[in-house]
Amino acid sequence: MAKQPQRKNHTLHCSASFHSTETLPRKDEIAVHGVSEKIVGVLGGGQLGRMLCQAASKLSIKIAILDPLVNCPASSLAYYHMVGDFDDSNTVQEFAKRCEVLTVEIEHVDVATLEILEEQGIDCQPRASTIRIIQDKYLQKVHFSQHGIPLPEFMQIEDLEGAKKAGDIFGYPLMIKSKRFAYDGRGNAVAKSVEELSSAIFALGGFERGLYVEKWAPFVKELSVVIARGRDNSMACYPVVETIHKENICHIVKAPASVSWEIKKLATDVAFKAVSSLEGAGIFAVELFLTEDGQILLNEVAPRPHNSGHHTIESCKTSQYEQHLRAVLGLPLGDPSMITPAAIMYNILGEDEGEPGFYLAHQLMQRALSISGAFVHWYNKSEMRKQRKMGHITIVGRSMSVVENLLSFTLDEASEKPAVERRVGIIMGSDSDFPVMRDAAKVLDTFGVPYEIKIVSAHRTPAWMFSYASSAQERGIQVIIAGAGGAAHLPGMVASLTPLPVIGVPVRASTLDGLDSLLSIVQMPRGVPVATVAINNATNAGLLALRMLGVADTDLLSRMREFQEDTKKSVLSKAENLEKGGWDV
């Protein structure tokens, strides 16, 4: 029997009314081999669709896309591409016939058609009811308000008098928003006074667009939580991230967010409750405000993969794109936890029109590619425009300070590459402790582990000690070795200020032979643990620090095993020489 050629990357052109007689591959003509036999249809073929296709390729999942652009970002990677409008009813219905599951990478689709398809038995994930709620931002606010989710106060406005009344109630500045087709800052306008109401409303297209207002939320940070929900209603929550916007467009994402554990839990709880109120499977991104008084307020929800989750491709065990496919197909949800201590995502936005913009983006990516831990994603859009999302860069590292410094180097051509990241901090109360503490540095040098040495006195420079200990983790330090003599308060004081492990080295002073230092270090109160070693034994402190680092560093752990083997051989060699030569050798 003749073997049929495998079909892939079909690009099919159709008019909005689908008068074309050109035929798509039928379901029963396509042999699918992988973890799922279902073809996933995606409405939209932008950068989110492109990254869905990339995730699908690992699992041999076939992705069909519907997008009006022949050369849309996802086109070259999709199993096949129907060229047509995803907001045209006839086109969407014809497209759906070729898919077992229908999902979206943009929520601005014809929801009435999705409802018709669901009535016909087509599997839409998330459900059409969810898309309908999310499409209308005012309806979205009403929905979440009814489910007891904290929000900025809001109200509908239908004329200028209604807008003025809202200003009297909420005060200024006043946020005015379009109900529909608002994203990446489009559809938002701020009136700083009653005199600015008319111009803000005009900028949004007038009241016929459908407008509502929100009380200004005095936020200190914008946060986001990406949540996956499976078809069995199981949930997987990604770590809380901070989003930084430039001209109302997501510009930088920091993962995880630098907020307290309490705030992270509160943000996750609000996001979980919001997603639980919606129907269907998939990825949901919940954007939040953190206010000055520690409240978490919901801003809006996206029922699809989101800009704030791009970093998950490199920083998490399961990317948001693979997770979305798992969810809509009914596969087990993956682990959303991070595999790196810190990640930062930078959106490559068009800095100029046309070729000059492409040149600037190319220069930026070239610089990023020279950095260890940096990953470049280019969306392959054919047209460059100012502020258009053209790609993104994700940088992963041991701390937020480290990845921020690497990003600064990427963005600033004049800056120098950041110095080698220090992993261990060696501190002592006085330079008189250095002859002892130098042995810890020698051990770290032997293993090639970068470190820093500082004089930090708990008694003479308490403010400097506080600053050093409080900032150590953010700067990438993973273990602190603190040497102290006499009262030996330094190790314990530092341990009380940092979540990092602290190893105290009791240094022998002129009296009591260091016993006072040892007893001071080991008698820390409950809740302030400090490891310690023998008096003046900074060598063991260095080795203990290496073992701590080796827990998450297989290369360092293997070298430690080699060190132990070399020590064993050295002892056996001495024993052999003694046995052969006797005591006089």
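At distances below 3.5 Å, not a single donor-acceptor pair connects side-chain atoms of Ser178 with backbone N or O atoms of Arg180. At least one donor-acceptor pair under 3.5 Å links the side chain of Thr291 to the backbone N or O of Gln295. In terms of modelled atom types and a separation under 3.5 Å, the side chain of Glu118 and the main chain of Ala128 share a donor-acceptor contact. Judged purely by atom type and a 3.5 angstrom limit, Thr103 has no side-chain atom pairing as donor or acceptor with the backbone of Val42. Of the possible polar contacts, one joining the Gln135 side chain to the Val109 backbone as a donor-acceptor pair under 3.5 Å is found.
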Report task. For side-chain contact (heavy atoms from CB on, under 4.5 Å), just list the numbers for Ser224 and Val253, CA-CA rounded to whole Å, side-chain angles, deciding distance to a tenth of an Å, and then say yes or no. Result -> CA-CA 9 Å; Ser224 177; Val253 175; over 6 Å; no
Would you be so kind as to tabulate the donor-acceptor pairs closer than 3.5 Å made by side chains of residues 325-332, with sequence neighbours excluded?
residue	atom	partner	partner atom	Å
Arg326	NE	Glu322	OE2	2.9
Arg326	NH1	Pro332	O	2.9
Arg326	NH2	Glu322	OE2	2.9

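Across all non-hydrogen atoms, the minimal contact from His392 to Thr394 is CD2-OG1, 3.5 Å.
By the 6.0 Å and 45° rule, Lys179 stacks over the aromatic ring of Tyr138. Remark: Arg367 qualifies as a cation-pi partner of Phe409 under the 6.0 Å distance and 45° angle criteria applied to the six-membered ring. Geometrically, Arg475 engages Tyr468 in a cation-pi contact, judged by NZ or CZ lying under 6.0 Å from the ring centre and within 45° of the ring axis.
At a cut-off of 3.5 Å, with distance as the only test, a side-chain donor of His377 or Glu314 sits close to an acceptor on the other residue. At a cut-off of 3.5 Å, with distance as the only test, a side-chain donor of Lys389 or Asn307 sits close to an acceptor on the other residue.
With sequence neighbours left out, the side-chain hydrogen bond (donor to acceptor under 3.5 Å, both in side chains) criterion links Arg423 to Gln478, Asp553. Asp269 pairs by the side-chain hydrogen bond (donor to acceptor under 3.5 Å, both in side chains) definition with Lys265, not counting sequence neighbours.
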